Trainee: 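One structure, as structure tokens, below. Some questions next.
Fair warning: this is a prediction, and the values are worked out from it, not measured in the lab. Below, chains carry the letters A, B, ... as their sequence lines are ordered, and counting in each starts from 1.
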Amino acid sequence: DQQVKQNSPSLSVQEGRISILNCDYTNSMFDYFLWYKKYPAEGPTFLISISSIKDKNEDGRFTVFLNKSAKHLSLHIVPSQPGDSAVYFCAASRFSNDYKLSFGAGTTVTVRA
Amino acid sequence: ETGVTQTPRHLVMGMTNKKSLKCEQHLGHNAMYWYKQSAKKPLELMFVYNFKEQTENNSVPSRFSPECPNSSHLFLHLHTLQPEDSALYLCASSGRDRGVYGYTFGSGTRLTVV
């Protein structure tokens, strides 16, 4: 039973444009959401997170938006850079220090020069 | 280097072999995890250790046997694996860093069962 879904397996975007990655979840108990970035041959690295008390969190070029009623979150990368080419995983948990993260299948982002 | 080190990086083993994956963290975290990543699938949580005690076994077959001798080290002992067990095995640890709770992953062991 996959509780976190990333329905787009891949995304191609031109350098300098916006990348929008989407994530949906089914478990209404989730209230803490994270995005991880993964390069080939490396483990995932934490990118940005948001708790359910917020609907937006911004960190430099990365912004995460949360729509609790729709059980949907998105990651915006503006402007996209070639170094952003990676696999992005959405993850969710019941609270910020819950050990049990549920992950999506990932979206592969390719930024074209 | 993320603070979580996994060895070996790559492993090819036969179905009758016995091998072990090692994970070490120097972050002072109290929880450690094994995840499995198969192609095009979500990361699957396998085992969780909290203060050296196993707190979760996510219905993992007994051919995978974890060991956590202390809060800094985690092993995954493998024997009589199947080709479908070929995947990237990721170790992670979690804890508070400067007041923020976070997860740190190792680079993974790419396992191929032949």
Side-chain angles (χ1 to χ4, degrees), chain A residues 1-11 21-27 30-52 54 57 59 64 73 86-109, chain B residues 1-10 21 23-25 27 29-51 53-59 74 87-110:
Chain A
D1 177 30
Q2 198 173 331
Q3 300 184 72
V4 178
K5 297 179 183 178
Q6 293 177 256
N7 292 319
S8 297
S10 63
L11 172 70
L21 291 80
N22 293 303
C23 177
D24 298 290
Y25 61 95
T26 58
N27 189 339
F30 287 150
D31 64 2
Y32 188 64
F33 305 89
L34 310 91
W35 286 93
Y36 284 83
K37 177 180 180 179
K38 183 181 182 301
Y39 292 117
E42 294 183 15
T45 55
F46 171 74
L47 193 56
I48 193 169
S49 64
I50 188 168
S51 95
S52 60
K54 294 185 174 182
N57 188 26
D59 184 1
V64 56
L73 63 155
V87 180
Y88 290 79
F89 291 96
C90 174
S93 67
R94 289 172 300 166
F95 41 91
S96 64
N97 63 349
D98 183 5
Y99 60 80
K100 196 168 180 179
L101 287 181
S102 295
F103 283 88
T107 297
T108 301
V109 172
Chain B
E1 180 58 56
T2 65
V4 177
T5 304
Q6 287 187 247
T7 54
R9 293 295 304 272
H10 300 272
L21 310 185
C23 177
E24 190 172 350
Q25 59 98 0
L27 301 169
H29 290 168
N30 296 317
M32 296 187 76
Y33 316 79
W34 282 114
Y35 281 87
K36 175 184 178 182
Q37 188 195 2
S38 303
K40 309 298 183 189
K41 289 187 178 179
L43 275 70
E44 301 171 51
L45 179 64
M46 300 175 72
F47 300 104
V48 181
Y49 278 83
N50 218 353
F51 292 97
E53 299 298 320
Q54 187 181 127
T55 55
E56 181 131 356
N57 175 339
N58 213 18
S59 302
L74 186 64
L88 180 68
Y89 289 85
L90 289 161
C91 174
S93 68
S94 67
R96 288 203 175 271
D97 293 316
R98 288 164 285 183
V100 178
Y101 193 86
Y103 295 79
T104 303
F105 285 86
S107 297
T109 295
R110 173 68 62 185

Trainee: Are the side chain of Q6(B) and the backbone N or O of G108(B) linked by a donor-acceptor pair below 3.5 Å?
Mentor: yes
Trainee: Using heavy-atom distances under 4.5 Å, tell me whether K38(A) contacts chain B through its side chain, its backbone, both, or neither.
Mentor: side chain
Trainee: Using a 3.5 Å distance criterion without hydrogens, assess whether the side chain of T45(A) forms a donor-acceptor pair with backbone atoms of K37(A).
Mentor: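 Present.
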Trainee: Give, as side chain, backbone, both or neither, the part of Y39(A) having an atom under 4.5 angstrom from any heavy atom of chain B.
Mentor: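 Contact with chain B involves no heavy atom of Y39(A) at all.
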Trainee: Is a side-chain N or O of S102(A) found less than 3.5 angstrom from the main chain of V4(A), in a donor-acceptor match?
Mentor: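 No; judged by distance alone, with no hydrogens or angles, the pair does not exist.
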Trainee: Of all of E44(B), H10(B), Q37(B), R110(B), which one pairs up most often with chain A through heavy atoms under 4.5 Å apart?
Mentor: Q37(B)
Trainee: Looking at Q54(B) and Y49(B), what are the two nearest heavy atoms and their distance?
Mentor: NE2-OH, 3.0 Å
Trainee: Check whether L90(B) gets within reach of chain A through its side chain, its backbone, both or neither, counting any heavy atom under 4.5 Å.
Mentor: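 The side chain, not the backbone.
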Trainee: Looking at Y36(A), F89(A), F103(A), F46(A), which makes the most heavy-atom pairs under 4.5 Å with chain B?
Mentor: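 Looking at each of Y36(A), F89(A), F103(A), F46(A) in turn, F103(A) comes out on top.
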Trainee: Please answer whether the main-chain N or O of C90(A) pairs with a side-chain N or O of Q6(A) as donor and acceptor at a distance below 3.5 Å.
Mentor: yes
